[in-house]
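The structure under discussion appears below in the form of structure tokens.
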Number of protein chains: 2
Amino acid sequence: MNTTRTYTIRQLTKEFSVTARTLRFYEDEGLIAPERRGQTRIYSGRDRARIILILRGRRVGFSLAEIREILDLYGVHDGGVTQLVHSRKKFAERIDTLERQKVDIDESLKELRKGIADIDGKLAPQQQAHAAE
Amino acid sequence: MNTTRTYTIRQLTKEFSVTARTLRFYEDEGLIAPERRGQTRIYSGRDRARIILILRGRRVGFSLAEIREILDLYGVHDGGVTQLVHSRKKFAERIDTLERQKVDIDESLKELRKGIADIDGKLAPQQQAHAAE
DNA sequence: TCGGCTCTTGACGTTGACGTAAAGGGAAGA
DNA sequence: TCTTCCCTTTACGTCAACGTCAAGAGCCGA
């Protein structure tokens, strides 16, 4: 396959709508480690995949420290049983927080939809044909 | 009903596991406006309800500025049609971002569960009875 | 009356996640 | 060769969301 495909920093900034500063910052923080051609960074498909995970983790509210921890977990699939059990626990913790978060989101959605319903009620006291956008 | 029930700052900090500094900060930012008995803050049931909304908004990743905007929307149920339509649009925007966020969360959950499955695979190559915690 | 507790208002400090400006290198096209 | 990009590092700046003193007021039981 094209596991040999590489990317420049500029390509990735455009693809993901982030600045070069951001990608360099993630590198400083140890979240990615692109190779170099001379000075210039060369991002592999693996780097790109990690960036996708990082950005999604960010969108769901994880801090970069938490994201780094999760990324590290994916790498530790060797190591002893103790390590594996520990990693499993960490994964389970993240799953729990995300599921709690889904509940919060559903609650918020309920509130917001109630807000819309209230408005629609005041917006169409007599008439009827004005539901969808 | 007991709409007359009031709360001290200390009670609320304990109930919601936040510091007094946080509640005062939210007041400075215009998110709540408790009354005063002399110098001391007296929180009403309505204040408490707003705090619940604020904390939940925070958990789902809204900034305080966004939360304040949403809270303001709930107050503007008067005003002209233009206002109402504008509020409705804002509500709809928030709903959209939350639904996109649910997708992100589901994606993350899939990844994390895959991580657990991988670990379980390496953790029990021969034996079978070792699933739940 | 005196600690001790909780409340208050400043006001400066901190942390995370970058933004932004300065100064320079290398390649490519006019 | 000169200008123009895009790349780099270094380093100080910024913004949100509080934390952390400092200094003082009010009240309550001993």
Side-chain angles (χ1 to χ4, degrees), chain A residues 5-44 47-48 50-72 94 97 101 104 108, chain B residues 5-44 47-48 50-72 94 97 101 104 108:
Chain A
R5 175 95 163 82
T6 63
Y7 309 82
T8 72
I9 198 169
R10 197 55 61 177
Q11 284 169 354
L12 294 180
T13 63
K14 285 179 181 165
E15 178 172 4
F16 298 120
S17 301
V18 296
T19 68
R21 176 69 176 91
T22 297
L23 295 182
R24 295 195 194 104
F25 179 72
Y26 292 165
E27 184 175 350
D28 284 349
E29 296 294 299
L31 297 177
I32 40 181
E35 294 177 5
R36 304 298 179 106
R37 180 155 53 210
Q39 287 264 82
T40 308
R41 290 168 175 81
I42 302 294
Y43 294 84
S44 68
D47 290 322
R48 183 171 166 281
R50 286 174 76 95
I51 291 173
I52 292 175
L53 288 181
I54 293 168
L55 297 179
R56 189 162 58 210
R58 205 181 57 169
R59 284 196 303 273
V60 305
F62 287 147
S63 72
L64 291 188
E66 290 168 328
I67 292 171
R68 177 175 40 212
E69 200 188 44
I70 296 172
L71 287 175
D72 287 350
R94 293 303 161 202
T97 73
Q101 207 172 328
D104 278 327
S108 300
Chain B
R5 175 97 163 79
T6 63
Y7 310 81
T8 72
I9 198 169
R10 196 55 61 179
Q11 284 168 354
L12 294 179
T13 62
K14 284 179 181 162
E15 178 173 4
F16 298 120
S17 301
V18 296
T19 68
R21 175 70 176 93
T22 297
L23 295 182
R24 296 195 194 103
F25 180 70
Y26 292 165
E27 185 176 348
D28 285 349
E29 296 293 301
L31 297 177
I32 40 181
E35 294 176 6
R36 304 298 178 106
R37 179 156 53 211
Q39 287 265 81
T40 307
R41 290 167 175 82
I42 301 295
Y43 294 83
S44 68
D47 291 323
R48 182 171 166 281
R50 286 175 76 93
I51 292 173
I52 292 175
L53 288 181
I54 294 167
L55 296 179
R56 190 162 58 210
R58 205 180 58 168
R59 284 197 303 273
V60 305
F62 287 147
S63 72
L64 291 189
E66 290 168 327
I67 292 171
R68 175 176 39 212
E69 199 189 43
I70 296 171
L71 287 175
D72 288 350
R94 293 302 160 203
T97 73
Q101 208 173 328
D104 277 328
S108 299

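- Using a 4.0 Å heavy-atom criterion, one finds that A:Arg10 contacts the sugar-phosphate atoms exclusively.
- For the pair B:Asp47 (side chain) and B:Ser44 (backbone), a donor-acceptor distance under 3.5 Å is present.
- Residue contacts for A:Arg37: at a heavy-atom cut-off of 4.0 Å it reaches no nucleic acid atom on any strand shown.
- Minimum atom distance to the side chain of A:Phe25 is reached by C:dA17, of the listed D:dC18, C:dA17, C:dG19.
- Across D:dC7, C:dG19, D:dT8, the shortest atom-to-atom separation from the side chain of A:Arg24 is found for D:dT8.
- Rounded to a whole Å, the CG atom of B:Leu55 is 13 Å from the C1' atom of D:dA17.
- The interatomic distance linking A:Ile9 (CD1) with D:dC5 (C1') rounds to 15 Å, in whole Å.
- Toward the 5' end of DNA chain D, the nearer of the two residues B:Phe62 and A:Ile42, judged by each one's closest nucleotide, is A:Ile42.
- Contact of A:Arg21 with C:dT20 (side chain to base): a donor-acceptor pair of N or O atoms is detected under 3.5 Å.
- Taking CD1 of B:Ile52 as the start and CZ of B:Arg50 as the end, the distance is 12.5 Å to the nearest 0.5 Å.
- Taken from CZ in B:Arg58 to CG in A:Asp104, the straight-line distance is 11.0 Å, to the nearest 0.5 Å.
- Here B:Thr40 does not reach the OP1 or OP2 of D:dG26: none of its side-chain N or O atoms lies under 4.0 Å away.
- Put simply, OH on B:Tyr26 is 8 Å from P on D:dA17, counting in whole angstrom units.
- The distance from atom CZ of A:Arg41 to atom P of C:dG26 is 16 Å, rounded to the nearest whole Å.
- When distances are taken from the side chain of B:Gln39 to each of C:dC7, D:dG19, C:dT8, the shortest belongs to C:dT8.
- Side-chain contact check for A:Arg24 versus A:Ile9: some heavy-atom pair is nearer than 4.5 Å.
- Proximity of a side-chain donor or acceptor of A:Arg48 to a complementary backbone N or O of A:Tyr43 within less than 3.5 Å is not detected.
- Distances shorter than 4.0 Å separate none of the side-chain N or O atoms of A:Thr22 from OP1 or OP2 on C:dA17.
- The side chain of A:Ser63 lies closest to C:dA17 when the candidates are C:dA17, C:dT8, D:dT9.
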